[in-house]
Amino acid sequence: MINLTNCAVNALKSAISASAQPTSGLRIMVETGGCDGFKYKMGFADEAKSDDTVIERDGIKVFVDNKSHEHLAGTTIDFVVALEGSGFTFDNPNASSSCACGKSFGR
């Protein structure tokens with residue numbers, strides 16, 4: 001299961017309401033690449049694909065394809081506002097390492 005913090009839910013609700021395209025949630029994927037072997041990819045989605053797991057929290061749907069799900073199980077997604085910049089962070093228990101940018105990880 002993927003967990004969203006309250007801050008992440010609020011940031012997503014705000015972004016979805018401001019989106020020019022119709023969207024009902026967020027698609028999260030893991031792809032090969034990045035500094036450490038795998039990288040996170042996020043984007044808006046309007047509907048689930050046939051191989052998606054759909055997680056819903058407070059009206060926000062998160063779509064995760066089955067291939068990415070094994071890399072993301074147990075991950076907590078947060079939205080952090082800091083002096084260095086704002087953005088989503090991933091606390092992934094499946095990652096054996098991660099790079100300084102926080103957008104990629106190793107397994």
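The first residue in the sequence is number 1, and the count goes up from there.
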Quick one: name the residues clustered hydrophobically with V80, using the 4.5 Å side-chain heavy-atom rule over I, L, V, M, F, W, Y, and just say none if it's on its own.
none
Could you check whether any side-chain N or O of S14 sits under 3.5 Å from a backbone N or O of A11, counting only pairs where one atom can act as donor and the other as acceptor?
no
Taking every heavy atom of C7 against every heavy atom of D78, the minimum-distance pair comes out as CB-OD1, 3.6 Å
Begin with the C-alpha distance, continue with both residues' side-chain angles, and end with the deciding distance and a verdict on side-chain contact (heavy atoms from CB on, under 4.5 Å) for D65 and K49.
CA-CA 8 Å; D65 65 88; K49 295 181 180 177; over 6 Å; no
Can you give me the closest heavy-atom contact between A45 and F63, atom names plus distance?
CB-CD1, 3.5 Å
For R57 and V62, indicate whether the former's side chain and the latter's backbone hold a donor-acceptor pair under 3.5 Å.
no
Using a 4.5 Å cut-off on heavy atoms from C-beta on, say whether the side chain of D58 contacts that of K13.
yes
CZ of F38 to CG of N94: how many Å apart, nearest 0.5 Å?
10.5 Å
Looking only at heavy atoms, the pair that brings H71 and K67 closest together is CD2-O, 3.6 Å
From NE2 (H69) to OG1 (T75), nearest 0.5 Å
9.0 Å
d(M29 CE, K41 NZ) to nearest 0.5 Å is 4.0 Å
For L12 and I60, which heavy atoms make the closest approach, and how far apart are they?
CD1-CG2, 3.9 Å
Going through the checks in order, is the side-chain hydrogen bond (donor to acceptor under 3.5 Å, both in side chains) test met by D91 and T76?
CA-CA 5 Å; D91 181 11; T76 297; 5.1 Å; no
Within a strict 4.5 Å, meaning less than it, do heavy atoms of the N3 and I77 side chains meet?
no
Minimum heavy-atom distance P93-A73, with the two atoms named:
CG-O, 3.8 Å
Give a yes or no on whether the backbone of V30 and the side-chain of S68 come within a donor-acceptor separation of less than 3.5 Å.
yes
Are M42 and L26 packed together at the side-chain level, in the sense that at least one heavy-atom pair is separated by less than 4.5 angstrom?
yes
The reported gap from CD1 in I55 to CD1 in I2 (rounded to nearest 0.5 angstrom) is 4.0 Å
NZ/NE/NH1/NH2 to OD/OE distance under 4.0 Å, D52 and R27:
yes
Could you walk me through whether F79 and V9 pass side-chain contact (heavy atoms from CB on, under 4.5 Å), step by step?
CA-CA 8 Å; F79 187 81; V9 168; over 6 Å; no
Any side-chain heavy atom of I16 within less than 4.5 Å of one from F44?
yes
